[in-house]
4 protein chains.
Amino acid sequence: MAETVRPTFLNLPEDKQARIIEAALSEFADKGYQQASLNVIVAHSGIAKGSLYQYFTDKAGIFLYVFDFAIAVVRRLLVQVKDSTLEEDFFTRLERSLLAGLAFIRQHPKIYGIYLKILFDQQVPQRQELLQRVRQYAADYLHSLLRQGLARGELRPDLPVASTVFLLDALLDRFLQAASIPAFDVVLGLDQANAQVLHTRARELLEVLRRGLAAPPPPANL
Amino acid sequence: MAETVRPTFLNLPEDKQARIIEAALSEFADKGYQQASLNVIVAHSGIAKGSLYQYFTDKAGIFLYVFDFAIAVVRRLLVQVKDSTLEEDFFTRLERSLLAGLAFIRQHPKIYGIYLKILFDQQVPQRQELLQRVRQYAADYLHSLLRQGLARGELRPDLPVASTVFLLDALLDRFLQAASIPAFDVVLGLDQANAQVLHTRARELLEVLRRGLAAPPPPANL
Amino acid sequence: MAETVRPTFLNLPEDKQARIIEAALSEFADKGYQQASLNVIVAHSGIAKGSLYQYFTDKAGIFLYVFDFAIAVVRRLLVQVKDSTLEEDFFTRLERSLLAGLAFIRQHPKIYGIYLKILFDQQVPQRQELLQRVRQYAADYLHSLLRQGLARGELRPDLPVASTVFLLDALLDRFLQAASIPAFDVVLGLDQANAQVLHTRARELLEVLRRGLAAPPPPANL
Amino acid sequence: MAETVRPTFLNLPEDKQARIIEAALSEFADKGYQQASLNVIVAHSGIAKGSLYQYFTDKAGIFLYVFDFAIAVVRRLLVQVKDSTLEEDFFTRLERSLLAGLAFIRQHPKIYGIYLKILFDQQVPQRQELLQRVRQYAADYLHSLLRQGLARGELRPDLPVASTVFLLDALLDRFLQAASIPAFDVVLGLDQANAQVLHTRARELLEVLRRGLAAPPPPANL
DNA sequence: AATGAATGAGAATTCATTCAT
DNA sequence: GATGAATGAATTCTCATTCAT
């Protein structure tokens with residue numbers, strides 16, 4: 001893989017690096033790859049136009065770097081949620097994951113924004129690969145939850161695993177989209193995307209899932 | 001709301017209108033709003049650049065017009081699927097809807113493409129409103145299916161309707177996305193997005209849903 | 001071969017075309033291909049930057065067009081000199097050619113300049129091909145002169161034709177270079193490249209050639 | 001004349017100097033003066049960008065220094081060829097010079113390349129002067145050969161010396177150009193510029209020259 | 001003496017929009 | 001009503017040179 005970041009950037013004082021990453025992240029999240037303007041990024045970073053090219057090979061280089069940065073943040077979250085809920089049962093873990101996701105996009109809206117932008121933008125460099133990385137994280141995460149749930153007998157043993165991963169992924173991802181795109185309120189049945197209602201809605205959804213996925217209770221007389 | 005299309009356009013011979021709509025639809029579906037080039041559109045329509053501005057107010061005007069056009073096509077499909085399955089039970093209607101959707105994006109990839117492009121593009125004019133219209137159609141459609149299913153006793157009577165609409169919408173929409181975006185293979189559990197496997201997967205998913213949503217069978221001894 | 005000029009340019013009023021060709025020719029002759037600045041060309045033509053791209057596909061397109069234009073001028077000269085000296089003997093034709101060349105570069109210094117620039121500039125688009133066209137004209141021209149001279153018995157019949165073409169080409173071309181590049185005065189034996197001395201020098205050179213190439217006089221006693 | 005090289009450079013270890021000269025020579029020979037990039041030079045030299053400005057005043061300074069260096073190499077060759085052929089007759093010396101030239105450009109293509117690049121590039125600093133130095137060497141060299149040939153009676157006594165120097169210079173220089181620029185094949189009468197054919201062609205040319213320049217043989221009966 | 005980060009002017013190219021014909 | 005030439009601001013990227021450390 002070709003280099004994208006120059007050592008010059010990594011030698012920069014941390015706060016300067018942070019300012020640049022922040023500016024680039026904002027711009028890419030706002031406009032997508034092609035439409036993002038390096039002029040805007042340098043203006044917000046307070047650096048000269050030429051400097052950007054001392055730091056990165058080109059526009060794609062900047063993008064790939066901030067994307068990597070963003071992915072690292074997400075991955076850290078997933079690992080942390082997974083580890084901190086190891087003892088919980090499947091449905092609790094699912095709920096905790098969903099709530100953690102909601103909290104994350106509220107705290108890092110640009111990171112979620114950059115992912116959404118890339119989803120359907122053909123022009124993004126190495127898009128196929130970037131998307132697969134993200135989706136793979138999600139799929140692995142859900143697989144892991146499912147396996148544990150099955151092992152513990154919390155889920156119907158005849159569950160078609162692949163389809164269930166897909167279903168959960170669609171649901172979780174869309175739920176997060178709905179939380180960031182007001183237009184989705186209508187399919188969420190909300191008048192307004194406010195946090196309180198979202199949480200209620202989340203619990204109802206999990207209830208539906210529980211019915212569809214959970215193992216039947218043991219016969220009463222046993 | 002300001003005018004977007006000029007009467008001049010509507011007085012044009014139908015085939016000329018069609019050529020222009022087709023060219024614009026292709027370009028917007030391919031590149032998204034900002035990235036679409038009017039030069040490409042006029043080149044493909046075989047009209048002069050200046051003429052475009054006799055027909056529409058500006059770029060946004062063209063976009064909004066073809067988007068309306070696309071929505072009308074979708075709406076016609078939904079109505080038709082709804083009407084032609086009135087007699088079926090809920091789960092059959094759902095399956096037929098999903099298959100109709102798959103057939104539609106294979107037949108009208110540009111229309112589906114323009115929707116996907118707009119989903120997360122902040123720069124699209126009146127995006128909020130356009131998206132709401134689309135999502136509203138889907139929500140209404142699913143509500144209608146659900147209501148009939150409940151009325152006929154095919155679904156658990158205690159189903160939280162709004163959450164279920166959301167769940168179904170997420171699932172159907174994501175399923176269609178997966179059919180057009182190879183990167184989703186991984187969460188679909190596919191090695192390759194081929195039509196045969198997609199149909200199998202669709203049936204498995206519906207089975208999970210049936211378990212989660214269907215009314216319990218009446219007690220045997222009654 | 002890809003298009004380089006757009007019809008737009010050819011539809012322009014002739015004086016506007018002429019101003020643009022003139023400006024481009026000047027700039028390319030002055031700076032060579034890569035170093036030439038489109039900014040300078042538009043400034044001298046008095047047109048907007050964007051207009052250049054309505055007229056030509058890109059920088060290479062502009063260059064190739066003015067090069068073609070220049071070649072056409074040169075070719076017209078060669079044809080005219082050739083035709084107007086058909087009755088003369090070989091050495092007279094050579095002298096007339098040399099003088100015509102001197103007159104030409106004095107009248108069209110930019111056309112000669114663009115040729116010189118391209119000679120050693122690796123970056124020129126289609127350089128190999130362009131150069132070959134120019135050299136081929138010269139070679140054909142000299143071949144034609146030589147053939148006639150041989151046919152008329154004005155030249156030694158044992159003359160190695162290819163080598164002689166090369167020798168004449170080198171001499172004529174270098175002579176013209178010397179006339180445009182003062183630094184060559186030193187190998188021309190001039191203190192100053194003034195027209196009078198150049199003509200004298202030309203005649204001396206032709207004398208040397210005559211001795212080397214002319215057929216020996218017939219035996220005296222015949 | 002303003003200083004171009006700084007003492008700092010001359011105090012550098014010889015191998016470091018050599019690396020820098022080599023890198024600069026390569027770049028200038030490859031791209032010409034303006035198009036050459038100091039970035040490339042520092043990258044190939046393995047020194048820091050700032051250091052270049054400790055060693056030389058500016059880009060022109062670097063160029064002039066390596067040009068001087070290149071000229072010194074050429075001059076050494078000329079002296080050596082001249083001295084090692086003192087005993088030969090004029091035409092042999094000429095042939096040996098031509099072959100030495102061919103060998104030289106094969107061995108030092110960059111030095112010959114930098115000369116070719118500069119020949120017609122108006123932007124080169126002090127171009128006029130640099131070119132004159134080079135041409136002066138060639139003229140002096142040929143003058144010296146001619147004088148000796150005349151003194152020994154190997155050449156027609158009525159030879160116009162200045163014109164002959166010009167003729168020889170044109171021929172030799174163009175021959176070398178032809179050896180490096182494929183486009184010249186056509187005036188050399190070659191299908192392919194291969195070394196074997198070049199040598200044959202060289203001998204034919206010298207034969208033509210011999211006829212034009214050599215003194216007539218003494219009357220047989222004396 | 002050596003470094004390498006910073007700079008900003010200038011390069012080629014694109015494009016929505018206007019307007020005279 | 002139709003045309004298509006004209007525009008200029010915006011785009012990404014390069015590069016010689018400066019200067020604080």
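Chain A is the first sequence line, chain B the second, and so forth, proteins listed ahead of strands; every chain is numbered from 1.
Among the atoms of the strands shown, only primed sugar atoms or phosphate atoms (P, OP1, OP2) are found under 4.0 Å from some heavy atom of A:L12. As judged by a 4.0 angstrom heavy-atom cut-off over every strand, B:Y55 is placed among residues touching the sugar-phosphate backbone only. Within the 4.0 angstrom heavy-atom criterion, no nucleotide atom of any strand lies near D:F9.
The interatomic distance linking C:L10 (CG) with F:dG4 (P) rounds to 14 Å, in whole Å. Atom CG of A:L52 and atom C1' of F:dT11 are 14 Å apart (whole Å). To the nearest angstrom, P of F:dA16 lies 15 Å from CZ of D:F56. Spacing between atom CD of C:Q123 and atom P of E:dA11 amounts to 16 Å, rounded to whole angstrom units.
The aromatic rings of A:Y65 and A:F9 stand perpendicular to each other, their planes meeting at an angle above 60°, with 30° marking the opposite boundary. Ring-plane geometry between C:F28 and C:Y33 is classed as parallel, the angle between the planes falling under 30 degrees on a 0 to 90 degree scale with a further cut at 60.
In the region residues 17-32 of chain D, proximity to DNA chain F at under 4.0 angstrom, judged on heavy atoms, holds for none of the residues.
Listed for the B:K59 side chain is a donor-acceptor partner under 3.5 Å among the backbone atoms of B:Q34. No side-chain donor-acceptor contact under 3.5 Å links C:S51 to the backbone of C:I47.
OP1 or OP2 of E:dA5 sits under 4.0 Å from a side-chain N or O of A:T8. Remark: A:N11 is not in phosphate contact with E:dG4, judged by side-chain N or O atoms under 4.0 Å from OP1 or OP2.
Between A:D68 and A:R133 the shortest heavy-atom distance is OD1-NH2, 2.8 Å. Closest approach of D:R127 and D:L119 over heavy atoms only: NH2-O, 2.6 Å. When all heavy atoms are compared, the tightest approach of D:I71 to D:L130 is CD1-O, 4.5 Å.
For the atom pair CG (D:N39) and CG (D:L52), the distance works out to 10.0 Å, reported to the nearest 0.5 Å. In this structure, the separation between CG on C:D121 and CG on D:D121 is 8.5 Å, given to the nearest 0.5 Å.
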Using Watson-Crick and G-U wobble pairs with both distances under 3.5 Å, what is the 5'-to-3' dot-bracket string of DNA chain F, with [ ] for crossing pairs and | for pairs outside the strand? .||||||||||||||||||||

Footprint string (nucleotides 14-21 of chain E, 5' to 3'): B base within contact, S backbone only, - free, heavy atoms under 4.0 Å: B-BBB---

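Judged by closest nucleotide on DNA chain F, B:G46 is the one of B:G46 and C:K16 placed further toward the 5' end.
Looking at heavy atoms from C-beta onward, D:Q35 lies in side-chain contact with C:Q35 at the 4.5 angstrom threshold.
Residues C:K117 and D:Q122 have side chains that bring a donor and an acceptor to within less than 3.5 angstrom of each other.
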